[in-house]
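These notes are about the structure you will find just below.
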There are 2 protein chains.
Amino acid sequence: MTIATRKQREKEEMRQLILEAAKSIFLEKGYEATSIRTIAERIEYSPGTIYLYFKDKDELFHALHEEGFRIMLEKMQPLQHVPDPMNRLIAMGRVYMEFALTNKDFYDLMFIMEAPMDHECQEEQHEKWKMGDSTLNYLKTVLRECQEVGYFKGLDVEYLSFMIWSSLHGMCALYCRGRCQAYENYQPEDLIKNGMEYYISMLKKA
Amino acid sequence: MTIATRKQREKEEMRQLILEAAKSIFLEKGYEATSIRTIAERIEYSPGTIYLYFKDKDELFHALHEEGFRIMLEKMQPLQHVPDPMNRLIAMGRVYMEFALTNKDFYDLMFIMEAPMDHECQEEQHEKWKMGDSTLNYLKTVLRECQEVGYFKGLDVEYLSFMIWSSLHGMCALYCRGRCQAYENYQPEDLIKNGMEYYISMLKKA
DNA sequence: TGTTTTTCTGAACACTGTTCATTTATTTTG
DNA sequence: CAAAATAAATGAACAGTGTTCAGAAAAACA
């Protein structure tokens, strides 16, 4: 092994070390507490070092952002074997919802926070959404299959997918940002579960 | 006039002065730029003075938060004269959407940001949502009227209102936080407009 | 070994919200 | 009107934040 490749590997390992530390602090104590200094302290390096591996905090959180999509896509994977497209669509929705409820911080980072989206990629304009695109494209594919078996007749898949994604996101976002408090006597999980059921039965009639 | 009442009036005027400055900076340059120091500079007082009129930054932004709801409620007001409840519901949705698109920062503050919600009211637990509650209660009322003329049969108004609000919010939230970029070749306004039409036609069948 | 290149440090910068002793202004009292 | 008491405003200071960069330390090369 040449010395150059080892250095390259070490560089990648260091990036991962920083990322792992950032992730653990982020999941333990949330976004606010995940500062450059706390990450540096955790891995026992100086704050300045982190900037040798990440351009800025946005780039760092963009990496976590992508990790979130990886986890989500993984949970979507098994659904490919659901034969009926409409059932697959509904199952996808449930997985999406479940992900948001059990990975609140990740969901927030992926779909609500501005931070990781500000990150300018030099490579491509939309490389930042590589993972998000995959999920969205899969949704569109499922919708087209639904159309083939008679659902959503005459509707544009682009607008339809946006509407469906939005509706789920709306519930998740209100949940993540504490707006379910508007329903004093109801549990957020209850609102979401029932709201979802209503939405599904509405979709089936469309 | 006693001196005490004049002092009280002056105190209220000062609160308004701070609030107006905060609002103008907030609308001009966004949340990030609206710091205690920039507000103080604008009204030509020292930073410390602001804390004599507002407990903390959260209380200040909670006041702006309420102002947002006042503006929105004002735009909802004329819709009370729409006779058909279903048309009124749809009109409400359009006003809501329009508000979000033309008052992005206010919408963000009202429904997405965490800041003004953290604000602990000493008076009542949910005094913070006084304005939001009004809007939500009006939505529920309209939905009940819709049920009286045959729509949404057998559905619980609580869950139904949450689902409808969520769906609209989802589109607004994705718009506010730049997630419409996922649809590279589509204008956000276009996505929302069409997504909304699809949703309305779905609602009518429910 | 000495020289060059790479890696890392930590102080410094400009910012944030917030506090509080001190100063300034106003009102009440003698 | 002058003095004492009260109220209001100040601005330096504190503990944070992301980020930069001259200089020190370590590693690689000659």
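What you see below is based on every heavy atom in this structure, not just the backbone, and it leaves out hydrogens, waters and symmetry mates. Here is how names work: the chains are called A, B, and so on, in the same order as the sequence lines, proteins then strands, and each is numbered from 1.
- In this structure, the CZ atom of B/Arg9 is 14 Å from the P atom of D/dA8, given to the nearest Å.
- In this structure, B/Pro47 and A/Tyr51 both approach DNA chain D, and ranking their closest nucleotides by distance from the 5' end singles out B/Pro47.
- Within the structure, every side-chain polar atom (N or O) of A/Tyr53 is placed at least 4.0 Å from both OP1 and OP2 of C/dT7.
- Taking the six-membered ring for Trp, B/Phe61 and B/His65 have ring centres at least 6.0 Å apart.
- The residue A/Ser35 sits close only to the backbone: its heavy atoms come under 4.0 Å of sugar-phosphate atoms, none of a base.
- In this structure, A/His169 and A/Trp165 have tilted ring planes: the angle between them lies in the 30° to 60° band.
- For the pair A/Lys57 and A/Tyr31, the cation-pi test (distance below 6.0 Å, angle within 45°) is passed.
- Summary of the strand contacts: A/Asp58 and B/Gly48 both lie near DNA chain D, and taking for each the nucleotide with the nearest heavy atom, the more 5' one is attributed to B/Gly48.
- Considering only the side chain of B/Lys7, C/dT27 comes nearest among C/dT27, C/dT18, C/dT9.
- Applying ring pair (Phe, Tyr, Trp, His ring centres under 6.0 Å) to A/Phe111 and the options A/Phe106, A/Tyr96, A/Phe99 leaves one that passes, A/Tyr96.
- Between B/Glu10 and B/Ala33, it is B/Ala33 whose nearest contact on DNA chain C lies nearer the 5' terminus.
- Here the nucleotide nearest the side chain of B/Thr38, chosen from C/dT16, D/dG11, C/dC8, is C/dT16.
- The nucleotide whose nearest atom lies closest to any side-chain atom of A/Lys57 is, among C/dT7, D/dA27, D/dG18, D/dG18.
- In this structure, of D/dA9, C/dC8, C/dT27, it is C/dC8 that holds the atom nearest to the side chain of A/Leu52.
- Checked against C/dG10, C/dT18, D/dT19, the side chain of A/Arg37 finds its nearest nucleotide in D/dT19.
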